[in-house]
Q: 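Right, I'll just put the structure down here and ask away after.
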Amino acid sequence: MENTNSLPEGKKFRVRKMELSDKSKGFMELLRQLTVCDSVSDKEFEDRFKEISMYGDDHVICVIEDEISGKIVASGSVFIEKKFLRNCGKVGHIEDVVVDAGARGMQLGKKVVEFLADHARSMGCYKVILNCSDENKVFYEKCGFKQKEIQMVKYFV
């Protein structure tokens, strides 16, 4: 699942699954715009990439590459939870959606969310869920999500 779209004058973006070489294209710097993200060595990155890759289509990281600059400007991930509920159904969990500050307002976040939701649907998920901050609620509503219940969290670090 990959596509190239022309957006604002001279901008070309490619939506695709993450590749190992994306670390050198600013992937980690992009994640730092989302949350705390310590530096990761090339070896640690490669090990984690291989580990995630072993899950195949059950854990997908989507990136959007600016084909002019070669930089990763948006990303998000989805993992598929296999359940006993709903006749052994599946639920997609979207996480870590981020768009580079310099690329916001070009519908890239929406493209990431659509890519991830479409992947979950193609995997047979009966729903896809995510958590977001109050300030991102309107964005996700525009992507077709509805608020349901309350998120709780317990941090261990």
Q: How close do I61 and S77 get, heavy atom to heavy atom, and via which atoms?
A: CG1-CB, 3.9 Å
Q: Does any part of the side chain of H59, heavy atoms only, come nearer than 4.5 Å to the side chain of I80, both counted from C-beta?
A: no
Q: Find out if a path of hydrophobic residues (ILVMFWY) with successive side-chain heavy-atom gaps under 4.5 Å connects V98 to L130.
A: no
Q: Please lay out, stage by stage, how K50 and D47 fare under the test salt bridge (charged side-chain N to carboxylate O under 4.0 Å, His left out).
A: CA-CA 5 Å; K50 287 179 179 176; D47 289 348; 5.5 Å; no
Q: Taking NZ, NE, NH1 and NH2 as the nitrogens, is one of them in R16 or D22 under 4.0 Å from a carboxylate oxygen of the other?
A: yes
Q: Do other residues, nucleotides or ligands put more than 12 heavy atoms under 6.0 Å from the OH atom of Y126?
A: yes
Q: Just how far is it from atom OG of S53 to atom CG of L20, taken to the nearest 0.5 Å?
A: 8.0 Å
Q: Would you name the heavy atoms of V112 and I64 that are closest together and state the gap between them?
A: CG2-CD1, 3.7 Å
Q: How about R48: does its CZ atom have over 12 heavy atoms from other parts shown lying under 6.0 Å from it?
A: no
Q: Could you report the tightest heavy-atom contact between S39 and E44, atom names first, then the distance?
A: O-OE1, 4.3 Å
Q: Please work out whether the ring planes of F45 and F49 are parallel, tilted or perpendicular, with thresholds of 30° and 60°.
A: parallel
Q: Looking only at atom types and distance, does a side-chain atom of K23 sit under 3.5 Å from a main-chain N or O of V40, one as donor and one as acceptor?
A: yes
Q: Keeping R14 on the side-chain end and E65 on the backbone end, is there a donor-acceptor pair under 3.5 Å?
A: no
Q: Holding to salt bridge (Lys or Arg N to Asp or Glu O under 4.0 Å), I want the full list of residues that pass it with R104, two or more places apart in sequence or in another chain.
A: none
Q: As an exercise, state the distance from CD of E141 to CG of N136, rounded to the nearest 0.5 Å.
A: 11.0 Å
Q: If Ile, Leu, Val, Met, Phe, Trp and Tyr residues are connected whenever their side-chain heavy atoms lie under 4.5 Å apart, and connections chain through other members, are L116 and F79 in the same group?
A: no
Q: So which atom in V63 and which in S75 form the shortest heavy-atom distance, rounded to 0.1 Å?
A: CG1-OG, 3.9 Å
Q: With a 6.0 Å cut-off (strictly less than), is the heavy-atom count around CD of Q147, excluding the residue itself, greater than 12?
A: no
Q: In terms of hydrophobic clusters joined by side-chain contacts under 4.5 Å, are V113 and M18 together?
A: no
Q: How close do C37 and M28 get, counting heavy atoms only, and between which atoms?
A: SG-CE, 3.3 Å
Q: Does V78 share a hydrophobic cluster with Y140, counting links as ILVMFWY side-chain heavy atoms below 4.5 Å and allowing steps through other members?
A: yes
Q: Take D38 and R32 through the test salt bridge (charged side-chain N to carboxylate O under 4.0 Å, His left out) and record every step on the way to the result.
A: CA-CA 8 Å; D38 298 328; R32 285 189 189 101; over 6 Å; no
Q: Should V73 and F27 be regarded as members of a common hydrophobic cluster, given that ILVMFWY residues are connected when their side-chain heavy atoms come within less than 4.5 Å of each other, either directly or indirectly?
A: no
Q: Quick one: pull up NZ in K142 and CD in Q107 and give me the separation to the nearest 0.5 Å.
A: 8.0 Å
Q: For K82, what residues pass the side-chain hydrogen bond (donor to acceptor under 3.5 Å, both in side chains) criterion, not counting sequence neighbours?
A: D58
Q: If you take all heavy atoms of E51 and Y55, which pair is closest and at what distance?
A: O-CD1, 3.5 Å
Q: Assess whether a salt bridge exists between K12 and D66, defined as any Lys/Arg side-chain N lying under 4.0 Å from an Asp/Glu carboxylate O.
A: no
Q: Throw together a table of side-chain donor-acceptor distances under 3.5 angstrom for residues 88-95, partners on residues two or more places apart or in other chains.
A:
residue, atom, partner, partner atom, Å
K90, NZ, M123, O, 3.0
H93, NE2, E81, OE1, 2.7

